[in-house]
Amino acid sequence: MLHALLLYWLGLSIRISVTDSLVNSILISAACLMLCYLMQFYLPQKERHWYILIISIILSTLVAFISRAILLRIYSTEADYLSLLKISFPVRWSIFFLVIVCMSMICVLWYSFLDREETEKRKSAAETMSRDAELFALRRQLQPHFLFNSLNSISALAGTRPEEARK
């Protein structure tokens, strides 16, 4: 909406302003959704965060050229608009790039947080399983038969060798 208002303020008709903003908004939204979907399955390691920069450059370039092609096809007879479209291409690309980089950083942070949370859950579950295994092993050692044999051995030692019975 802000994009449409800005174009209208620059002197374009409301129809051109709304169409331009809709085309750009739909394309940038699609690029951001695609980027989030990609980040859901692939998070670059710390030493490879520059991949995000390359992906952002490629996506913003694709969005800018696709947007320009669509708008040129729709408004091929509007000379004023075509000149504005040509002049504003670097600005549009820069805005697309900034939006995509911001979205990629948000996605990286979000999915890193979810990954860390999942790792903590797995670690906690592993510790619980380990503790349960230790308790199970201790319970097996304290079976009545084991306890009876131990007390019987101590009783036998108390009569013949009291010093060893204490140990």
Side-chain angles (χ1 to χ4, degrees), residues 1-140:
M1 193 169 167
L2 181 64
H3 185 190
L5 288 173
L6 180 64
L7 290 175
Y8 182 71
W9 180 72
L10 288 173
L12 296 176
S13 71
I14 192 74
R15 182 178 61 87
I16 292 175
S17 301
V18 169
T19 305
D20 185 296
S21 64
L22 279 176
V23 167
N24 288 317
S25 296
I26 290 169
L27 287 173
I28 198 71
S29 297
C32 289
L33 285 173
M34 186 176 75
L35 186 68
C36 279
Y37 188 73
L38 174 73
M39 294 292 174
Q40 182 179 3
F41 298 108
Y42 172 73
L43 281 177
Q45 302 299 322
K46 288 183 181 177
E47 61 273 357
R48 294 188 179 160
H49 278 303
W50 56 273
Y51 284 1
I52 295 170
L53 183 65
I54 291 173
I55 291 170
S56 299
I57 290 171
I58 291 169
L59 271 177
S60 59
T61 303
L62 281 173
V63 168
F65 278 113
I66 292 170
S67 168
R68 182 177 179 188
I70 291 171
L71 292 171
L72 282 173
R73 184 169 291 249
I74 293 173
Y75 296 112
S76 60
T77 59
E78 302 281 339
D80 292 339
Y81 177 70
L82 294 178
S83 65
L84 177 68
L85 189 62
K86 185 177 180 180
I87 292 170
S88 67
F89 186 79
V91 174
R92 289 171 188 259
W93 184 88
S94 300
I95 291 171
F96 295 153
F97 177 73
L98 290 174
V99 168
I100 290 172
V101 164
C102 288
M103 191 64 188
S104 63
M105 289 297 131
I106 290 169
C107 289
V108 165
L109 289 174
W110 176 255
Y111 290 121
S112 295
F113 173 75
L114 290 179
D115 190 41
R116 192 170 297 133
E117 201 173 73
E118 185 66 30
T119 302
E120 289 296 321
K121 284 180 185 177
R122 279 183 277 170
K123 183 179 176 184
S124 175
E127 288 173 356
T128 301
M129 288 173 55
S130 173
R131 188 173 51 244
D132 289 345
E134 287 178 29
L135 287 174
F136 181 73
L138 285 173
R139 280 190 208 115
R140 290 197 49 96

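These numbers were taken from a predicted model, which means no experiment stands behind them.
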Seminar exercise, completed: When rounded to the nearest 0.5 Å, the distance separating CE of Met34 from CD1 of Ile55 is 9.0 Å
Exercise. Under the salt bridge (charged side-chain N to carboxylate O under 4.0 Å, His left out) rule, what pairs show up with a residue in residues 101-116, not counting sequence neighbours?
Worked result: none
For this session: Please name all residues satisfying ring-ring contact (aromatic ring centres under 6.0 Å, His included) with Tyr37, sequence neighbours left out, ordered by chain then number.
Result: Phe41
For this session: Determine which pairs satisfy salt bridge (charged side-chain N to carboxylate O under 4.0 Å, His left out) with at least one residue from residues 36-45, sequence neighbours left out, and list them in order.
Result: none
For this session: Scan residues 87-102 for pairs that pass side-chain hydrogen bond (donor to acceptor under 3.5 Å, both in side chains), counting only residues two or more places apart or in two chains.
Result: Asp20-Arg92, Ser60-Trp93, Thr61-Trp93, Ser88-Arg92
Exercise. So which pairs with a foot in residues 21-39 pass salt bridge (charged side-chain N to carboxylate O under 4.0 Å, His left out), sequence neighbours left out?
Worked result: none
Exercise. Under 6.0 Å between ring centres, would you say that holds for Phe65 and Phe96?
Worked result: no
Exercise. Do Ile70 and Leu27 come close enough that some side-chain heavy atom pair is under 4.5 Å?
Worked result: yes
Exercise. More than 12 heavy atoms of other residues, nucleotides or ligands under 6.0 Å from CZ of Arg122: is that the case?
Worked result: yes
Seminar exercise, completed: Rounded to the nearest 0.5 Å, the OG atom of Ser104 sits from the CZ atom of Phe97 at a distance of 8.0 Å
Problem set entry | Separation of Met105 CE from Ser112 OG (nearest 0.5 Å) | 10.0 Å
For this session: Mind checking side-chain contact (heavy atoms from CB on, under 4.5 Å) for Leu33 and listing every partner two or more places apart, or none if nothing turns up?
Result: none
Exercise. Can you name the side-chain contact (heavy atoms from CB on, under 4.5 Å) partners of Leu5, sequence neighbours left out?
Worked result: none
For this session: Mind checking side-chain hydrogen bond (donor to acceptor under 3.5 Å, both in side chains) for Ser21 and listing every partner two or more places apart, or none if nothing turns up?
Result: none
Seminar exercise, completed: All heavy atoms of Tyr75 vs all of Leu82, minimum pair found to be O-CD2, 3.3 Å
For this session: Would you check if Leu71 and Ile16 make a side-chain contact, meaning some heavy-atom pair closer than 4.5 Å?
Result: no
Problem set entry | Separation of Ile54 CD1 from Leu59 CG (nearest 0.5 Å) | 12.5 Å
Exercise. Rounded to the nearest 0.5 Å, how far does CG of Leu35 lie from CD1 of Ile58?
Worked result: 11.5 Å
For this session: With sequence neighbours excluded, give me every salt bridge (charged side-chain N to carboxylate O under 4.0 Å, His left out) pair touching residues 105-114.
Result: none
Seminar exercise, completed: d(Thr19 OG1, Ile74 CD1) to nearest 0.5 Å is 6.5 Å
For this session: Keeping to residues at least two apart or across chains, list the disulfide (SG to SG under 2.5 Å) pairs with something in residues 17-123.
Result: Cys36-Cys107
Under 3.5 Å, sequence neighbours excluded: what are the donor-acceptor pairs made by side chains of residues 128-135?
residue : atom : partner : partner atom : Å
Thr128  : OG1  : Ser124  : O            : 2.9

For this session: With sequence neighbours excluded, tell me which residues meet side-chain hydrogen bond (donor to acceptor under 3.5 Å, both in side chains) with Ser67.
Result: Asn24
